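Quick notes on the structure that follows.
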Number of protein chains: 2
Amino acid sequence: MSTLTAAQRRERDRAAYDAFLAACPARQLLDRIGDKWVSLLMAALSDGPMRYAELGRKVAGISEKMLTQTLRGLERDGLVTRTITPSVPVRVDYALTPLGESLGTVVRELKRWADTHMDAIAAARDAYDTRTPGA
Amino acid sequence: MSTLTAAQRRERDRAAYDAFLAACPARQLLDRIGDKWVSLLMAALSDGPMRYAELGRKVAGISEKMLTQTLRGLERDGLVTRTITPSVPVRVDYALTPLGESLGTVVRELKRWADTHMDAIAAARDAYDTRTPGA
DNA sequence: CGGCATCCTGAGAGATACTG
DNA sequence: CAGTATCTCTCAGGATGCCG
């Protein structure tokens, strides 16, 4: 039977699309750098290695949970290294890998586009909001 | 008094940081293109103008709500145009603006990095998961 | 056809408290 | 110092149904 409701069809399509998206490299990359803390942490580390608590202070608003979670993710992806020095108060340093620095370069290109064009976007936004005053 | 609890200090810091982030162009851009549907929709539109329902079919898994919502956001930011043809069944076409195409170029650069380096990330991920088998 | 209002659920963000 | 564990709660996003 081709008797599929719109909902059923969409569900099937979504499953197929999800598989496609999971395999899409660009999608994975966007998910990573789109993460609120990833870019901030990497920017902080681009100045050189830092300790756990230093990062927590530098990025200010981050909770310990997200700090740990994000760093773990970055470590897993080979973007940062985690170096444990087993002194009496343990010391843990995080640093960018070459891969991480490479990604940092790309992100900075993105930032350059942002710096050049975001005022145009802001202007468009203002114009739009003026055109659509109430709602 | 400097008698602030850790929570109070963090809250104050977060407020300040939120303000900083809201003003940061790069952050705004990342929030945009990090959105699951934005890049997909823009990729679809890079082939030329499309109608509402066409987009819905091309992007397959998207719900009508997200389709409308995302398109509105892109229109507001001056990245796409929305053209209404008041025929009897209404016809609405969406197309990239020059600004939108410019952004598309940047995103494609990002995609190039992804295509070149995501296998390294996947490898790092595998290695990490092997090193950390149980948990 | 194209779109908005409404309700509802689940993933994920943060606070808190405890451990090596 | 550097986490881990647990709980709560928000809110993005999907389903549904109605309008122009």
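None of these values were measured; they are calculated from a predicted model. Lettering of chains follows the sequences in order, A, B, ..., and the numbering in each one begins at 1.
Within a heavy-atom distance below 4.0 Å of DNA chain C, the residues of residues 65-73 of chain B found are B:Thr68, B:Arg72. The stretch residues 80-89 of chain B does not touch DNA chain D, since none of its heavy atoms comes less than 4.0 Å from the strand. Within residues 39-57 of chain B, the residues having any heavy atom closer than 4.0 Å to DNA chain C are, in order of number, B:Arg51, B:Tyr52, B:Ala53.
Partners of B:Arg108 according to the side chain to side chain donor-acceptor pair (under 3.5 Å) rule, which considers only residues two or more places apart in sequence or in another chain, do not exist here. Residues satisfying the salt bridge (charged side-chain N to carboxylate O under 4.0 Å, His left out) criterion with B:Asp119, sequence neighbours excluded, are absent altogether. Take B:Gln69 and apply the side chain to side chain contact (heavy atoms under 4.5 Å, CB included) test, not counting sequence neighbours, and it matches B:Lys65, B:Met66. When the ring pair (Phe, Tyr, Trp, His ring centres under 6.0 Å) test is applied to B:Trp113, the partners found at least two apart in sequence or on another chain are B:His117. Every residue was checked against the side chain to side chain donor-acceptor pair (under 3.5 Å) condition with B:Thr81, not counting sequence neighbours, and none meets it. Scanning for side chain to side chain donor-acceptor pair (under 3.5 Å) contacts around B:Arg82 gives B:Tyr94, with sequence neighbours left out. Partners of B:Asp31 under the side chain to side chain donor-acceptor pair (under 3.5 Å) rule, at least two apart in sequence or in another chain, are B:Arg27.
In this structure, A:Glu64 places its CD atom 11 Å from P of D:dC1, rounding to the nearest Å. Rounded to a whole Å, the CH2 atom of A:Trp37 is 16 Å from the P atom of C:dG12. Taking atom CG on A:Asp35 and atom P on D:dA12, their separation rounds to 15 Å, with Å as the unit. One atom, CD1 of A:Ile62, and another, P of D:dG3, lie 12 Å apart when rounded to the nearest Å.
Between the CZ atom in B:Arg131 and the CD atom in A:Glu75 there is a gap of 7.0 Å [rounded to 0.5 Å]. If you take OG on B:Ser46 and CG on B:Leu103, they are separated by 11.5 Å, rounding to the nearest 0.5 Å.
Among all heavy-atom pairs drawn from B:Ala44 and B:Leu55, the shortest one is CB-CD2, 4.0 Å. Contact record, A:Thr97 with A:Gly78: OG1-O, 2.7 Å, taken as the closest heavy-atom pair.
Between the two ends of the helix from C:dC1-D:dG20 to C:dG20-D:dC1, each summarised by a five-pair axis, the helix axis turns through 50° (rounded to 10 degrees).
Using a 4.0 Å cut-off between charged side-chain N and carboxylate O, A:Asp129 and A:Arg125 make no salt bridge.
Judged as a side-chain hydrogen bond (donor to acceptor under 3.5 Å, both in side chains), the pairs with a partner in residues 48-62 of chain B (not counting sequence neighbours) are, in order, B:Asp47-B:Lys58, B:Tyr52-B:Thr68.
Between B:Lys36 and A:Tyr94, the residue anchored nearer the 5' end of DNA chain D, judged by the nucleotide with its closest heavy atom, is A:Tyr94.
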